[in-house]
Amino acid sequence: MLCARMRRDVGLVLLLLLSAAVKCNSMSPPGKPVLLGCRSPEKETFTCWWEPGSDGGLPTTHRLFYERERLEGTHECPDYRSEGRNSCFFDKNYTSIWVDYCLTVVASNALGNATSDPFKMEVMEIVKPNAPENVTLLVEDREDSPCLHVKWERPHKIDTKSGWVTIKYELRVKQENSDQWKEYMSGKQTHISLYSVSPGVVYEVQVRCRLDHGFWSEWSNSTCVKIPNYLQTERPFWLLVSTLFAIPFLAAICILVMKRKRVKQCVLPPVPGPKIRGVDVQLLKSGRSEDVLNALIINQDFPLMVTWKDQIEDYLIVTENDEELLPHPSNSQKRKKSLIIPAGFCLDSEIQCKESTASQSDTEKAGERKNEKDNFLKSNTSLSGESSSNTVPPLLPTQKQQCPSLNLVNTEATDQSPSDHQNAVKPFANSSYVDIQRHVKQVDYSKVKEVNGDNILLLKKENVPLNSSGYMDDQRQENISEDYSRVKEVDSDNMVFLQKQNVSVDISCRDKSNHYTDCPPQKPRNPRVTGPNTERTESGYVDTVPAPPLM
Amino acid sequence: MPGNIRSVSVVWVLSVCLFCSRPTSVGAAPICANAQTGCHILSLANLFDRVIQHSARMHGVSNDLHSEFEQYFLPSKNQIGRVSRNCHTSDILTPNGKENAQRMAREELTEVILKLLVAWRDPLWHFHQSIAHHHDFNNFSSNKALEMSDMVHELRKGVQKVAEKMQMLGIISNSVSGLASHEASLPSGSAEWRLMKDYELLYCFRRDSNKVQNYLKILKCRIMPEHGC
């Protein structure tokens, strides 16, 4: 019996001890709370948080007390609930900027209190706004490359209208797969456009902001967007176009290669070498000059010398009495010379020619030239278009001094020359060189001033200033075209009546009044108008009269 | 003739350009040297923008200097005496919140700004001097101090101009007293700043420069709400 009671007492005591022990463990004054920090999202209110210590097993309450610069006393937190547990929210009425706060949190329970360390702060230093809201992305399709427009909104409750705070934004972008963020400053704008985006990539965008010199907010939640892959659809198009162009191009090249000889002929035609008709290059190279010369002579087409003939005849007609006009007997040679000259190379050295012709015996010359002339005749008879007695001997391209030209037409002037020579000369073909034209000029045309008597024509002297006396020939030649005297009538024997052209003379007189002191009087001088050829002369110039009567 | 036409057209184009550009390009014109009332090349909005930018820069410099000092000196934040720290400008009544600032009259606000700026001219100058002679500080800090001191001076002149322009435009009444006389009537406690240490001075100035910046912005957005507010 005793043991049972003892056992019961011991049990009770043990129980009491246990309960006492249990009770002792939970009951203690609270642990010291810790103020974590405060934050003001818009510089008008702020919130502070703390961390409570151990509660000591008893219900513990926490209270926040603060002291403020320029405010007497200690005050308690106005709002414990708005921001959650263990927080204190100071609204506008309780918030003062530019003043210091000193905060403390007191934890208390039945057993005691615990006070945290004081926490000093100033609202200016704890400004940290919320992250920007409603970040939206928009992809714009442009021709060259796509462009990404990012837009967001200002965080809630921040007042920039009154100028109280100035907000600044910052943006960062990264591709989905990589880790590299690219940051962009946006300033005060709530939108930004990114142009360096590649198609077919997913981009992630985040935005944050800050007020004045405060802390940066947290990054907003990531917003993702994928740039569409439209560019790739254009590639096959270009591929098709390029192949279409390549095929005809290749075909053209093949054709060119296959027909390259023809192409070469077309593009680079061979340059023709010099070729004289009838002359063999080999012959020239062989060096036999006579053959070459023959070839040259035979194959040439000499132009017909019609005018030469005319001039000779005119010349002959006008100067009938060469004894009177040309007293010197050697003048016949001169005439010869003048006839000869155009035919040969004796251009520069007339005197030489004269000498040569005079020195050489005619017979010798005739003998030599006859052969050549015969040769020439044989070949040229077919060529001569007009049969006339006047022919011009060919040129021999050897020494100029030789002047192997033959005598030409000479009628009365060739009294001195042998007749056979003359005869031989006659049937020469009508051919000469172009140079003759020049010598035509040397035939003197004289202006007929007056017809004196029967058969004397007074040549008009031109009143040219004497300082150019040496060029009177030229003057005369120039004026030939103007001052031809029209032969009005040819008398039967040897008389020519010249017609005065009143009009032209007037003009010429007027124009050249400084040259001509006196114009010839304008009187028709045709006292006698007879003759059979009157009609013919009205046409103007003297026609070529075959077989001139003077001869 | 074509030469004449060309020169005439060039002259005409230039004159047109001048006429067109005159109303817009006001920013390039210099501020009037004399304080005469007839001189108003710059618009009020432009003037405000200038002083606000200036004050923002001033605050930035003071912020930088303060952080530098904190690294060197690391004052304990738990000093009890800190709560009742007295900046020498404490007796200038300044609005401590947005509503208070908005409720304050424009003239008062302008005066407060000017008072603050005036009060800081001498202390900053001496601060710069003391830093320049200290071997602990590098040239960077010394330059910043000098810059700060100059800026206060310039800003004060700028705000004075703004006030004059506002008075001229009739935005504020002429109750803003002759500002030149302010310097003579400094508060008696003005010598307190000599007792302050450098760090405290910086702390106080950082606060006051922020005040000036905020007050200017509020003033501007109150008078001209359409210009970037």
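- The only option from Thr94(B), Asn96(B), Asn210(B) that meets the side chain to side chain donor-acceptor pair (under 3.5 Å) definition with Trp98(A) turns out to be Asn210(B).
- When heavy atoms are compared at a cutoff of 4.5 Å, Thr160(A) approaches chain B solely by way of its backbone atoms N, CA, C and O.
- For Phe215(A), the CZ atom is loosely surrounded, since the number of other residues' heavy atoms within 6.0 Å does not exceed 12.
- For NZ of Lys174(A), the number of neighbouring non-hydrogen atoms (other residues, nucleotides, ligands) closer than 6.0 Å is greater than 12.
- More than 12 heavy atoms of other residues, nucleotides or ligands lie within 6.0 Å of CG in Asn113(A), so this atom counts as buried by the packing criterion.
- Crowding of Phe127(B) atom CZ: a count of heavy atoms from other residues, nucleotides or ligands under 6.0 Å exceeding 12.
- Surrounding CH2 of Trp125(B) are at most 12 heavy atoms belonging to other residues, nucleotides or ligands under 6.0 Å away.
- Only the backbone of Val165(A) comes within contact range of chain B, with at least one heavy atom under 4.5 Å from a heavy atom of that chain.
- Using a distance-only test at 3.5 Å, with no hydrogens or angles considered, a donor-acceptor pair links the side chain of Asn214(B) to the main chain of Trp164(A).
- Summarising the local packing, CD of Glu218(A) is surrounded by 12 or fewer heavy atoms from other residues, nucleotides or ligands at distances under 6.0 Å.
- Once rounded to the nearest 0.5 Å, the distance linking CD1 of Ile97(A) with NZ of Lys211(B) reads 11.0 Å.
- Contacts between Asn63(B) and chain A at a heavy-atom distance below 4.5 Å involve the side chain alone, from C-beta outward.
- Distance alone, capped at 3.5 Å, places no donor-acceptor pair between the Arg207(B) side chain and the Val99(A) backbone.
- Two residues are said to be in side-chain contact when any heavy atoms from C-beta on lie closer than 4.5 Å; Ser162(A) and Arg222(B) fail this criterion.
- The environment of CD in Glu72(A) is sparse: at most 12 heavy-atom neighbours from other residues, nucleotides or ligands sit within 6.0 Å.
- With respect to chain A, the highest number of heavy-atom pairs below 4.5 Å among Pro95(B), Ala101(B), Gly97(B) belongs to Gly97(B).
- Taking NE2 of His213(A) as the start and CZ of Arg206(B) as the end, the distance is 10.5 Å to the nearest 0.5 Å.
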